[in-house]
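A short write-up of the structure that comes next.
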Amino acid sequence: MNNSQSLSSILSPIIKQLYKKDIIAKKDASRILRNSKLTSATSVHPYVTLSDYKLTNNHTGKPISIEFITQFVAELNHIDYMKVDPTKVNVNKVTSAVSQAYATKHKILPVDISTDTVTFAVADPGDLSWVEELQRILKLNVIRVHSNPLDVQRLLFEFYGVNRSVKHAQKQHKGRTLDPILNLEQLVKLGQKGDLSGDDQHIVTIVDWLLQYAFEQRASDIHLEPKREESIVRFRIDGRLHNVYVLPTQVMAAVVSRIKILSRIDVAEKRKPQDGRIKTLSSDNKEVELRVSTMPTTFGEKCVLRIFDPDAVVERYEDLGFSADEVKQWQQMINRPHGIVLVTGPTGSGKTTTLYSTLRKLATEEVNVSSVEDPIEMVFQELNQMQVNPKIGLEFSSGIRTLMRQDPDIIMVGEIRDLQTAKMAVQASLTGHLVLSTLHTNDAPSAINRLLDLGVPDYLLRSTLAGVIAQRLVRLLCPHCKKSINVDAEAWISLIHPWNLEMPDKIYQKVGCLECRNTGYHGRTGVYEIMPVTSNLRKLIKDKVPSESVAAESYRTGMQPLRLSIANLLKTGRTSLEEALKLAPPDYD
């Protein structure tokens, strides 16, 4: 865009067609056309200019966004629309079709290539000047799709920039690792080269892009997996892994070394697992913490980075998925002066988020909240957090012993893994402290037998255990594309068995759209099973009865099982039957 005339010439036909199809009102069309003619020279794309008017679609009531405009213009030009998902593009392959200079000149982004066709996402569907020339040179049929011009511009830089860095790094990093950076700041600034050589700056570019892209995609984990010839980068998004990129294995080794440097762990040690952490900034200047774990595999070091978004730790329990009754029950447990409260569930079920959200609400000026963790997953200034270090003899049990001398009111133990830790947690509770911890069990009733199996005496457990909460994270259906279906009565019964819950008239299933990256799901929420330890339960603990009897007594006194919590989520149209059946724990017959 170089002048006001070009702005008007591009906007005018779009505005007229929007008005003709009754998508916008005549007064809005006239106002935009008048303003576009008066606009001075600008480099802002016309689609951005139009979306800035914040117009609403007369047919759907939804905002007229850049994506809607792009899709609308694609229809006007009789070509397909595409929302480019970089995780579905083989970047190494498509960037070989044309040079970066040629692609940038014509604002075309290669997104797919096969034996006889090559597909380009174009920013300007009216520009055909390059098509015949490229078909003649490549000897392939050229297919054009229209994509958001801002995405095309951004991904041109990312595809070609990252691919160029990978190729340079492949030449320079055969069997070589990076030298460590000294005197790292607590907050790692992405893009900061430090004392790296020019060759190593390509690795910096790859790592920076990888982290920022993971933040943009709402990933919870980054997996770097070395293979024999080509290594895989995968993101976990809403609980599912997605292939994102393929790197040459020697480049992957250099990338892992760079991450080890940033996380302050031994770069030279490749024979044993190591743990570290990175604190950095996202593109919108929000602090993000990453927990890094490496392990030796057949083809090199595998590295997993777990991303902890501070926004996940919320102020309101309702934002975690608690119902009003569950909030009341949970507060009754955690507002006790002493006792043990356990959060249970499998790995990745949101236990850490629940605990940190709870601790931050409890950590007032009048209260000393201390924790012993392995590792410290998120750092909060309101808490006094201690990291377990077995190398120097600092285990969970000795850490709890230390905290008890620190005049605590509330103690958080990262996880009860063994008898010694369990006994120290019980001792801390007996001496007048509230102890919060996690345990790996499928449901709340199983926690009692798990502690008894560890060797905790039943008389101590009866006098200290205040309650248990079990939880799962359930994927939520995308509200933009979910579709209602009839309920399969047999499937509904298998979900709620052996309880009774009225079957809904309809439920919803996933479809897939631009908003959810065609997965059908967008975001997750917690579902809970809260078990206060009543006097009747204490009698059962004394008799060391099986988990089935504990569950039966808890359900009799009003505990809602996880299966029904998940079923209610299905009933209200927030998740799918497929997701509900997958996450429902075994029932007690």
Side-chain angles (χ1 to χ4, degrees), residues 7-8 10-36 44-85 88 111 121-126 144-154 216-218 237-238 475-486 504-525 569-579:
L7 175 66
S8 177
I10 294 176
L11 274 180
S12 181
I14 300 174
I15 297 298
K16 289 176 180 177
Q17 286 297 323
L18 286 170
Y19 167 63
K20 182 178 179 180
K21 296 180 182 295
D22 195 31
I23 294 173
I24 63 174
K26 183 177 181 179
K27 62 176 183 178
D28 290 325
S30 301
R31 176 167 57 97
I32 299 169
L33 289 172
R34 184 171 59 252
N35 289 346
S36 67
V44 177
H45 196 278
Y47 294 5
V48 177
T49 302
L50 181 53
S51 67
D52 284 344
Y53 281 94
K54 309 292 184 187
L55 300 177
T56 301
N57 187 324
N58 289 336
H59 299 307
T60 64
K62 294 181 179 180
I64 295 180
S65 63
I66 295 179
E67 291 299 335
F68 175 83
I69 299 165
T70 306
Q71 192 166 6
F72 184 77
V73 173
E75 292 175 3
L76 292 180
N77 285 270
H78 307 292
I79 64 173
D80 289 335
Y81 161 80
M82 174 186 279
K83 174 67 175 176
V84 181
D85 183 354
K88 303 293 190 295
V111 291
V122 301
D124 181 2
R144 298 180 309 128
V145 294
H146 190 26
S147 295
N148 185 331
L150 302 184
D151 285 351
V152 172
Q153 181 181 355
R154 176 175 59 86
E216 291 171 7
Q217 295 296 311
R218 302 180 295 106
I237 303 170
D238 290 337
R475 289 189 295 172
L476 298 175
L477 285 169
C478 174
H480 300 279
C481 65
K482 65 181 181 180
K483 182 177 72 174
S484 64
I485 58 171
N486 294 325
D505 295 330
K506 62 180 180 179
I507 57 176
Y508 288 83
Q509 70 176 11
K510 67 177 183 178
V511 177
C513 68
L514 300 176
E515 300 290 337
C516 60
R517 301 171 62 253
N518 289 315
T519 64
Y521 297 96
H522 193 282
R524 293 187 289 177
T525 190
L569 212 58
L570 173 64
K571 191 174 180 179
T572 55
R574 300 184 67 200
T575 194
S576 67
L577 180 62
E578 173 191 29
E579 181 76 358

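Each residue takes its place number in the sequence, starting with 1.
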Heavy atoms, side chains only, cut-off 4.5 Å: are [X] and [Y] in contact?
X      : Y      : answer
Phe68  : Leu50  : no
Ile485 : Ile507 : yes
Lys62  : His480 : yes
Ile23  : His59  : yes

Which heavy atom of [X] sits nearest a heavy atom of [Y], and at what distance?
X      : Y      : value
Val84  : Ser147 : CG2-OG, 3.5 Å
Val145 : Ile79  : C-CD1, 4.1 Å
Val73  : Ile14  : CG2-CD1, 3.7 Å
Ser576 : Gln509 : CB-CA, 4.4 Å
Asp238 : Tyr521 : OD2-O, 3.8 Å
Lys483 : Val511 : CB-CG2, 3.6 Å

Nearest 0.5 Å, what's the [atom1]-[atom2] distance between [X] and [Y]?
X      : Y      : atom1 : atom2 : result
Leu55  : Asp28  : CG    : CG    : 5.0 Å
Ser65  : Asn148 : OG    : CG    : 8.5 Å
Arg218 : Arg524 : CZ    : CZ    : 9.5 Å
Asp22  : Asn58  : CG    : CG    : 5.5 Å
Ile237 : Arg475 : CD1   : CZ    : 11.5 Å
Ile64  : Asp52  : CD1   : CG    : 13.0 Å

- Would you say the side-chain atoms of Asn57 pair up with the backbone N or O of Pro63, donor to acceptor, closer than 3.5 Å?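 Answer holds: no.
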- Message: I'd like to know if the side chain of Ser51 and the backbone of Val48 have a donor-acceptor N/O pair within less than 3.5 Å.
- Response: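 Yes, the answer is positive, given that a donor and an acceptor are paired below the 3.5 Å cut-off.
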- Quick check, are the ring centers of His146 and Tyr47 under 6.0 angstrom apart?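 Close enough - the centres of the two rings lie under 6.0 Å apart.
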- Message: Enumerate the side chain to side chain donor-acceptor pair (under 3.5 Å) contacts for residues 70-82, please, sequence neighbours excluded, ordered by first and then second residue.
- Response: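 Side chain to side chain donor-acceptor pair (under 3.5 Å) check on residues 70-82 returns Glu67-Tyr81.
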- Message: Tell me every residue that passes salt bridge (Lys or Arg N to Asp or Glu O under 4.0 Å) with Arg154, counting only those two or more places apart in sequence or in another chain.
- Response: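 Salt bridge (Lys or Arg N to Asp or Glu O under 4.0 Å) check on Arg154 returns Asp151, Glu158, Glu216.
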- Query: So does Lys88 have more than 12 non-hydrogen atoms from other groups sitting under 6.0 Å from NZ?
  - Reply: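 Buried by this count: over 12 neighbours within 6.0 Å.
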- What's the verdict on side chain to side chain contact (heavy atoms under 4.5 Å, CB included) for Ile32 and Tyr53, showing C-alpha distance, side-chain angles and the deciding distance? CA-CA 8 Å; Ile32 299 169; Tyr53 281 94; 3.8 Å; yes
- Task: Using the side chain to side chain contact (heavy atoms under 4.5 Å, CB included) rule, take Ile15 and Ile24 through it: C-alpha gap first, then chi angles, then the decisive distance, then the call.
- Result: CA-CA 8 Å; Ile15 297 298; Ile24 63 174; 4.2 Å; yes
